[in-house]
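To start, the structure itself, in structure tokens.
The shown structure was predicted, so the numbers you read here are calculated from the model rather than taken from an experiment.
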Amino acid sequence: MRKKKRSSSTVDDDSILDVSKSKKTKSSGRPTKSSVQDSYPDSVFVQFLKESGVTLTAGSTANEIAVDQVIFQKRLQQHLRKNPRFPNIIQEFISALETYIEDPERFRNCLLPCVPSSSSQQDTNVSEDGLNVPRLIINQLKWLDRIVDGKDLSSKLMQMVSVAPVEIQRDIITSLPEILEDSQHGDMAKELNGLLQQNTQLPVPILDALSSLNLSAALLSEVREAVMGTLSAVQLEDLPVVVKFILHSISASDANEVVCDLRKKLELEQCVLPAVLQASQSRMKSKAASGSSSVPSCSNGQDSVTLVLEVIKSAIRFQKTISEAWLKAIENIDESEDHKVVDLLVLFILHSTNANHSRRGAERVLKVKVRKGLIQENLLQKTFKGHAQVMRGYFPSILTLAQGLLRSPDCCVVPFGGHMYKQAFTAFDSYCKQEVVGSLVTHACSGVSGEVDVALELLCELVSQKPAEMSQFTVFVKGILDYMDNLTSQQIRRLFHLLSRLAFGQEQHGGHIQDDMHIVIRKQLSSTVPKYKRIGIIGAVMMVGSMGACRNKPDDSQGGTLPKDTHRQVMALLELVRTSSESSPEAAALYYDELANLLQTCKLDPLVQAWIGKSVLEDFQEDFVVDLGPDISGSFLFPASVMYNLDEDESQGGIAINLLPLMTQDQQHKTDTTQPAGVKKERRVSPLCLSPFFRLLRLCEEVQHQGDLEEIDALLGCPLILNDMEVTEKVESLSKAEREFLCSLLFYTINWFREVVNAFCKQNDPEMKMKIITRIQNITYLQSLLQTCLAATPGYTPPQANFDGESAEGMIPSASIALPKKGKKETSGKKRKASASKNSSGDKSQLEGAAEAEDSQQDHPEKESEKEKEKDAKSGVSLSSYWPFFRELDVEALSVLQCGLLSRTLLDTELHSKLREEVQLGPAELLFLLEDMWRKLDFSLASAPAKKAPFLKSKMDRAVGFAHLQQKNAKEIATFCTELLPTLCTHLENCHNHFQTVLSENQGVVDAPGVDVKEQQLMCSAYHLLLQVLHTTFSWAGFSGPEHRALLKSALGVLAGRLKEDETDLTLDQLSRHAFEYLQNFRSTVPSLNTALCLTQLLIVLSQYGGSNHRTYREQITSLSRHFLCQEWVTASGEKERGNKYNDALQTLLSIYLEHTDDVLKAVEEIAGEGVPELLNAAKDANSRSWPTLNRQTFLVYYKSMMAELERAVRKIPPSKHTDNQEVQSEKLLTWNLAVRDFHILINLVKMFDSRPVLTVCLKYGRLFLESFLKLGMPLLDYSFKKHKEDVQSLLKTFQLSTRQLHHMCGHSKIRQDTGLTNHVPALKKNLEQFVYRVKAMLTLNHCQEAFWLGNLKNRDLKGEEILSQRSQAADEEEEESSQVQSEEEESDSDDRNNEQEEVEESDESD
């Protein structure tokens, strides 16, 4: 019966029948029938319902049900079926139902649930408010027991959707999964998909319905693509639902593609309005009383983004494939512009999930991206700015990632970790700020130097940018004071700078720690341990900097800007430091140096400034300056004389620096220990303080007189009281004490001159410039004397010159006793050459060798005979190991390089003509300045080494002697270099012209008889250093970043401008091309192989900025390196270049040639097949004709490079696939044929050159080549054997000859019992055996296994003679050993087998 009842055609009938059903569910209550029966006394509908247990009520009272719903359905069915008018009664029942529900009130009552009639007698009223009749109707269609015509039902519902209002559309669509049968899901999904693309108002209900429908994979993917297409047009509040649908509909196979597409379309940047719009919108909202929905609020955007990220988070958390797909999608982006905010947010989400794999993956990807410069600071800034609220949820992950980056040994990623800390501090609440500061303090106390530096720098930045916020966390920062033992001087400076800034800054935000600071400083200053005293001095001076800094508004004080109380404190602190440091010259010198640094970096209050200046000037005059009298009183170790006076004409009333008398007093003071404690009260003046004190004096004058040094300019030209330098000639005959005294005197004098150069290098007066150059000449001359004295004084410790490090002990080269011997053995010519190595620290300063002295001696009265000069040069010690004992030259002092370019006429008008010649920078002075410059650049711009502390502390801190340089960042140094570039280019051109002239005058012979060897060596070193300086400058990692693009362009522009002056506005490509061409012009005059290598490396660096035309650059570099390899290199003295450094340079140059050449195999064959045979036919010491750098001494270098590059080349041959076409297979086979032929040639060379190093190279690279052949070559032979039988066969034959030779080498190594060689044997033998069985497998695969014949190979030595040692063994031992003997094979095609059998049997006998 129910069947018929349901088949009624109108939707309403269905619904009503259904309603009766749903009414039955919630029955209760007593029916008030009368009214119904009055209206419909004979209604079949009412009657049947009543009999079955439902009473219909009138008015707003709910219908009542007396029995259970199932019973009611059963009864009604029975009544209808048993009725005599059975089939027709149904129609009557339905008509009665239709009539009944024509009254809207009754209809509404019927739609509502029935109440049970038993529980209460009260009427149950139904309120009219809030009833959604359409929804009630739709609810009746859900979960029907049986649907007769589902298709018709669904089409009717969709028709309704097309005409109904939006609210009803939503209801219908959302209910579809509960109404439809499974068979209709697919068709309905297609209809919904179409609807989704037309109607953008309904994505949420449609996607809701779609995600509940049961769809096939293909259909799901089609729907998903359509949804993805609408993503950009979806309203912001619907976005989370759309993203959820996309992520939940992903299968493992298409995860990568879908996530990649989703990432592209998600534009979270646009979801958040800029701050200006947000503000204006919030104003509009406050004006409108009811916040109208047309204006989306800013928090709406944030909330939607938060929900989208939550959706992504849950997908990532529950589906591993999605987390991997996100990682891959982010990883695959290779342009920084393509990265979006969503990438960073997803990385934070991935990191915040519990799964280890996604956490590690996020860390790895972030590091890689930051290292490559793809994720940059501006993206991080954008993410924090727009999504701070969202990011707050991932704060623990952000903190962990920042910690990881800051601890990374890779210096490229460290700054990004710092940016993360800064952004988190700025954007988040005070709890997060506290965590950030706590984490930075942990870094600062870690004891790992690089980490400590970055953490302190970040804290300093936060203190200067946000002093008020940071002041809340002053107590945390103060905790670092407990860990000062592990900090370097520069770090202590930073720490006290930031603490005193908080405690004593103008706002005094952290004033509560002032007392603690004073206590710490007093405690450290009063310590007798030099280390703690040093901390005290540095800290006190930094405090003076903060307390005495110039304030904005002048107070009631007299002319100063400080309150009286503060002024008094500053003076007291300065006095305290002065008295605490008087007892030790090192402490006093450090105090002067620190105060000088303070004056340089900080603007002090005028009164404080004036007080310091006045006391310094008085003390300096009193301590170190004496009037020049006719004779010098006092008894000294050596006869005293007044030296190096540049103001000869002012002989009357001149002044001098009182160095020798002070040193003598100092010596007496050290030896005189008889004086009881406390008796001597006068101040002790140490010569150690001379240079630091003068630096302080000069900076005081500069600050007070705006850079004018007129008050103290007499000190530039004034002489020193020294001993006569002729004593250095007989240094060997002096006592140890006298020699040490002489060395110390030279150190003090050189350091005085270095400080004088620092002081006056910025003065523009031509006379001053001339004196500066003369002072540099004095330095180079004195250094040559010092080398002689040091050679004669083993074990001597020089006086300290840099006081902010540990004490001087331990800085001395441990081999200083052996140094003189070494110095004598090598000629100065060799020493000059050695300086050209690329970047070993040992030779950094060999340039300060004796040869500099010879050049500058012409300016001095102390001239020596040629023979004595030779002796001096030979007995000199390299000063490179002593450079921490020289005062640091300021960066500004390098501007003296420009002096060589002063126009002569200017000097003629200003000065006497006799001085005209002296003002040119000589080669020795040029070398002195260039070497200092290169050392500075190497420290500042060369990529920093890994910052992990070494396991064994190195004896010397890398930063010693760079204290002033460390105050400048890499960008400032790079800018300074760019400004100096025109000067460097001019010097480079001068060197080029010099060598060109020498070559043209002597018909291309470098070592012609008339050439001055010393000058040649100096010019050669200068040439090399100039190229090294350029190389270090252009290799600076900062140039690859976009923020320094303009600086790079201006630097390249300088080089390009030397070639094409008039062109402007060139692109980076064009500039690098012109610069490349300019530098290529120097190839013809390069004087040594090291310099040639440096030029080639410089050109390689420039070619990387070239962008588009890489191929042209490669070709030019190939031809250049080949040109250098095919040139014979001789030193200025006419000998061939040789030695380890020459070999290293040759190896690097050869590798560059083979790496850049188009065909490595051809190049290797050319050298091994032509160059080496020429060498074999030549005389013992002769070179190969076509490769002049190849001789018997350099054969190993060539051999190693060729083997290494051959092995690298075959590794790059692409692996073979079964699908390769015939042409590709033939090409690869040809390549392998060439490679195997080259390998055979190289292996055979061992017969002629059988030295141990050559054998080692052969065994090592032979194994690697064999491995590559097994991995990449044999699969190719598998596929090619049938089509290219002869080629494969000849290749294997050639290769077999090589493997046999390798086998002989293994035997040779075992006889020799040389562990260096035998270490390679087991692995090589394993590969040789694998090769045999791999060939057998290949023949089996191609059905030729009968062509394979295996025999045992005899053990032979290199000459091919049988190794007989095994014959003498007992029979059982022999059997055991033979199992280790290498098997070797010979195979052929089955047709030719009989012809070749004879050869096989001949070569492969049983062992």
Under 30°, 30 to 60°, or over 60°: which ring-plane class applies to Phe1082 and Tyr1023, parallel, tilted or perpendicular? perpendicular

Side chains of [X] and [Y] in contact at under 4.5 Å (non-hydrogen atoms):
| X | Y | answer |
| --- | --- | --- |
| Tyr1153 | Thr1096 | no |
| Cys260 | Asn332 | no |
| Lys1162 | Leu1234 | no |
| Leu1150 | Ile1167 | yes |
| Ser1290 | Asn1233 | yes |
| Lys1228 | Val1224 | yes |
| Arg1073 | Tyr1113 | yes |
| Val1101 | Leu1030 | no |

Within the distance-only criterion (no hydrogens, no angle test), does the side chain of [X] pair as donor or acceptor with the backbone N or O of [Y] below 3.5 angstrom?
| X | Y | result |
| --- | --- | --- |
| Lys1310 | Val1321 | no |
| Asn1221 | Glu1223 | yes |
| Glu1137 | Leu1089 | yes |
| Trp1129 | Phe1124 | yes |
| Thr321 | Ala252 | no |
| Thr1157 | Leu1154 | no |
| Glu1174 | Arg1185 | yes |
| Thr1194 | Val1197 | no |
| Thr1118 | His1156 | yes |

Flag yes if more than 12 heavy atoms outside Gln1104 fall under 6.0 Å of its CD atom; otherwise flag no. yes

Would the number of heavy atoms belonging to other residues, nucleotides or ligands and lying under 6.0 Å from CG of Asn1177 be above 12? yes

What are the two closest non-hydrogen atoms of [X] and [Y], and how far apart are they?
| X | Y | value |
| --- | --- | --- |
| Ser1201 | Ser1151 | OG-OG, 4.0 Å |
| Arg1252 | Leu1317 | O-CD2, 4.0 Å |
| Val1246 | Cys1258 | CG2-SG, 3.7 Å |
| Phe1076 | Ser1103 | CE1-CB, 4.2 Å |
| Leu1027 | Leu1098 | CD2-CD2, 4.0 Å |
| Pro1253 | Leu1196 | CB-CD2, 3.5 Å |

Salt-bridged, Glu1115 to Arg1111, with N to O below 4.0 Å? yes

In plain terms, say whether Lys328 and Glu331 are close enough for a salt bridge, that is, a side-chain N and a carboxylate O under 4.0 Å apart. no

Straight-line distance of [X] [atom1] to [Y] [atom2], nearest 0.5 Å:
| X | Y | atom1 | atom2 | result |
| --- | --- | --- | --- | --- |
| Lys1200 | Gln1147 | NZ | CD | 5.5 Å |
| Glu1267 | Lys1326 | CD | NZ | 8.0 Å |
| His1240 | Leu1245 | NE2 | CG | 10.0 Å |
| Phe1269 | Thr1299 | CZ | OG1 | 10.0 Å |
| Arg1122 | Cys1126 | CZ | SG | 5.0 Å |
| Leu1149 | His1123 | CG | NE2 | 10.5 Å |

Where do Asn1183 and Lys1136 land on the side chain to side chain donor-acceptor pair (under 3.5 Å) test, with the steps shown first? CA-CA 11 Å; Asn1183 303 334; Lys1136 277 185 190 170; 3.2 Å; yes

Test side-chain contact (heavy atoms from CB on, under 4.5 Å) on Ser1309 and Leu1259; report intermediate values, then the result. CA-CA 10 Å; Ser1309 308; Leu1259 289 170; 3.7 Å; yes

For side-chain contact (heavy atoms from CB on, under 4.5 Å), just list the numbers for Leu1272 and Trp1232, CA-CA rounded to whole Å, side-chain angles, deciding distance to a tenth of an Å, and then say yes or no. CA-CA 10 Å; Leu1272 303 168; Trp1232 270 109; 3.8 Å; yes

Tell me, with the steps shown, if Ile333 and Lys369 meet side-chain contact (heavy atoms from CB on, under 4.5 Å). CA-CA 9 Å; Ile333 293 155; Lys369 291 288 175 187; 4.1 Å; yes

Verify whether the ring centers belonging to Phe1249 and Tyr1199 lie closer than 6.0 Å. no

Taking the six-membered ring for Trp, are Phe1295 and Phe1331 ring centroids under 6.0 Å apart? yes

What I want to check is whether the side chains of Thr1189 and Tyr1198 have a donor and an acceptor closer together than 3.5 Å. yes

Verdict with reasoning, Met1203 to Lys1260, per side-chain contact (heavy atoms from CB on, under 4.5 Å): CA-CA 9 Å; Met1203 278 299 242; Lys1260 178 184 172 185; over 6 Å; no

